[in-house]
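So the structure is just underneath, and the comments pick up after that.
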Amino acid sequence: MPETATAAGTATAAPAALSESDFETVIGLEIHVQLKTRAKVFAPVPYLYGGALPDDAAPADITPNTLVDPTVLALPGALPVLNRAALEQSIRFGLLVGADIPETTNWDRKNYFYPDSTKAYQLSQKDHPVTIGGEVEIELPGPARNIMGEHKIIRLNHAHLEEDVGKLTHAGAGSLVDYNRAGAPLLEIVTEPDLRSPDEAVALLNALRMLLTAAGVSDCDMEKGQMRCDANVSVRPRGQTALNTRCEMKNLNSISGVKNAIEYEARRQIREVLAGREIHQETRGWNAETGRTYPLRSKEEAHDYRYFPDPDLLPVKTTAGDIERLRATLPERPYDRQRRYQADIAAGGFALPFTVTSVFIPDRELCEYFEAAVAAGSGTAAGTTANPLTIANLVANDLLGALAGATDYNRLPPAHLAALARLTDAGTISKAQAKEVFAEMFTTGDAPDAIVERRGLRQNSDTGEIETIVRDVLATPAGTAAAEQFRAGNEKALNSLKGPIMKASKGKANPKVVDDILRRLLAA
Ligand code: ADP
Ligand code: MG
């Protein structure tokens with residue numbers, strides 16, 4: 001799997017004519033995501049999701065070195081046992097990205113000596129990873145926030161399932177070690193060097209996060225360390241196809257860290273090349289305070305780790321039946337869902353604008369809530385179907401606004417939201433009245449029809465009644481003056497008439513009917 005194209009990759013000495021803008025950046029990411037399983041990957045120790053942890057407890061809140069057992073601590077005689085759920089989550093990831101799932105996969109020991117590992121090796125996968133290949137669709141930033149950006153496919157090399165290591169805290173003269181995290185299931189996702197800018201790297205992380213959270217493979221919370229990234233960066237003159245020597249930046253644990261570190265590192269390399277110096281392959285760190293990368297160590301090679309198949313863990317076979325069973329548990333891919341939402345109604349879509357779909361798609365539960373409301377709003381009798389766009393706007397503006405960051409969408413039954421959309425679509429209540437009804441519906445939990453009846457909000461579309469009001473207003477001195485201005489060609493004068501008319505109708509007159517009657521009377 002590892003790309004070997006870099007062996008001859010000393011940076012080309014720069015011809016004098018080249019300047020910074022003649023270079024392109026080449027990036028490959030190695031992304032570690034913590035899998036959403038109840039227990040660690042090779043030991044039945046509860047780790048993060050569900051299970052024996054107190055409600056709401058994060059591993060960081062738990063007393064150090066309590067989420068351990070003889071296997072995690074590598075006590076003599078303790079043997080690892082593969083957590084089936086961790087393997088299944090890895091395979092589900094592979095299926096989501098269209099990777100090959102080899103029939104047989106196995107684990108290797110990656111040997112090294114450092115106190116973050118109790119065993120002096122990490123259980124990882126080298127030659128037979130759980131998924132091979134695959135692709136991730138990314139979206140680049142659009143020309144403006146309300147415009148969809150270009151989409152691009154990034155190839156994956158493979159993904160392998162390994163265990164996390166312990167956490168070291170360097171304090172004063174000594175260091176503290178906590179093995180609670182040791183053995184947590186990590187999927188390492190390795191891309192091909194297909195990314196060409198810091199923005200593309202960020203887009204890949206966002207796309208992966210949407211895919212993985214939608215499928216429940218991982219929560220991908222970077223602040224909690226559930227998604228961490230190493231970035232490999234090289235630069236080359238545009239037009240060159242061979243890869244140049246790269247540097248790898250370790251443990252970038254925020255989106256801004258990824259973006260800034262790549263930006264800085266690419267500039268640094270370009271300056272080195274332009275100054276006629278060679279890039280040496282090395283592992284570098286990122287210092288967010290100084291905004292610089294710095295050398296950590298010259299690159300270690302695979303043979304430094306003396307990898308060999310772990311004798312305590314048998315290779316594992318995956319059957320076609322397993323794969324089909326797991327495939328059936330996968331959600332629609334977020335960008336596919338977004339295309340469907342934006343497609344015309346005739347094509348089976350909802351004809352939603354990008355501004356709305358881009359709010360919905362990163363959140364699968366919100367999408368499901370919206371679709372439940374659309375389903376509830378599609379009446380059987382003709383003409384009673386709520387417009388999906390009306391529903392979408394209520395969800396995106398009113399519901400999200402009222403929830404103020406909370407995500408318990410179903411607190412408002414989707415059927416109530418659909419009923420409110422129907423009332424506005426049919427013109428029974430005005431848009432302004434819909435806002436009032438929404439607020440009351442959200443706090444009381446009552447159905448919108450009941451609220452409309454109770455508050456007498458029904459919009460008045462009785463042309464006879466409205467015409468009487470319009471005539472009264474036109475008879476006032478201000479009304480006569482405004483009518484004259486309108487007849488003289490001042491279109492805006494019409495609006496100054498509508499205010500008093502709406503007021504006289506206690507806000508209930510249907511604005512469309514008011515407009516029609518006004519124009520008819522003024523044309524006479
Ligand atoms: P290793 O296993 O030694 O870490 P790999 O060859 O497997 O290295 O690649 C690791 C990551 O580095 C991959 O994401 C790959 O796409 C990326 N990569 C490899 N060569 C380059 C290069 N010249 N420039 C940028 N990224 C690269
Ligand atoms: Mg690597």
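One-based numbering, in listed order, for ligands and for the atoms of each. Please read all numbers here as calculations on a predicted model, not as lab measurements.
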Review point. Evaluating non-hydrogen atoms only, which member of A242, C247, G28, S234 is closest to atom 26 (N) of ligand 1?
Key: G28
Point to revise | Those atoms of ligand 1 less than 4.0 Å from some heavy atom in T191 | key: 13 (C), 14 (O), 15 (C), 16 (O)
Study note, to complete from the structure: Note: V190, heavy atoms under 4.0 Å from ligand 1, region reported as side chain
Exercise for review: May I ask you to check whether N157 and E192 show a side-chain donor-acceptor distance below 3.5 Å?
Suggested key: yes
Exercise for review: Would you check if R236 and E24 make a side-chain contact, meaning some heavy-atom pair closer than 4.5 Å?
Suggested key: yes
Check your understanding: Is the distance between the ring centroids of F370 and F360 under 6.0 Å?
Key -> yes
Review point. Looking only at non-hydrogen atoms, which of E30, R246, K126 approaches atom 9 (O) of ligand 1 most closely?
Key: R246
Practice item. Under 4.0 Å from a heavy atom of P193: give me the atoms of ligand 1 that qualify, with their elements. Key: 16 (O), 26 (N), 27 (C)
Revision key, fill the gap. Counting from 1 in the order shown, the ligand 1 atoms closer than 4.0 Å to a non-hydrogen atom of L243 are 23 (N)
Revision key, fill the gap. Taken to the nearest 0.5 Å, the spacing of R284 CZ from Y294 OH works out to 10.0 Å
Check your understanding: With atoms numbered from 1 as shown, which atoms in ligand 1 lie under 4.0 angstrom from a non-hydrogen atom of E192?
Key -> 16 (O)
Review point. Taking the six-membered ring of Y307, is NZ or CZ of K126 closer than 6.0 Å to its centre and within 45° of its axis?
Key: yes
Practice item. Could you tell me whether R238 atom CZ has more than 12 heavy atoms of other residues or ligands within 6.0 Å of it? Key: yes
**Study point:** Modelled atom types, side-chain donor and acceptor of Q342 and T357, under 3.5 Å
**Key:** yes
Review point. Which part of L29 is near ligand 1, with near meaning a heavy atom under 4.0 Å away: side chain, backbone, both or neither?
Key: backbone
Check your understanding: ligand 1 versus D194, non-hydrogen atoms closer than 4.0 Å: side chain, backbone, both, neither?
Key -> neither
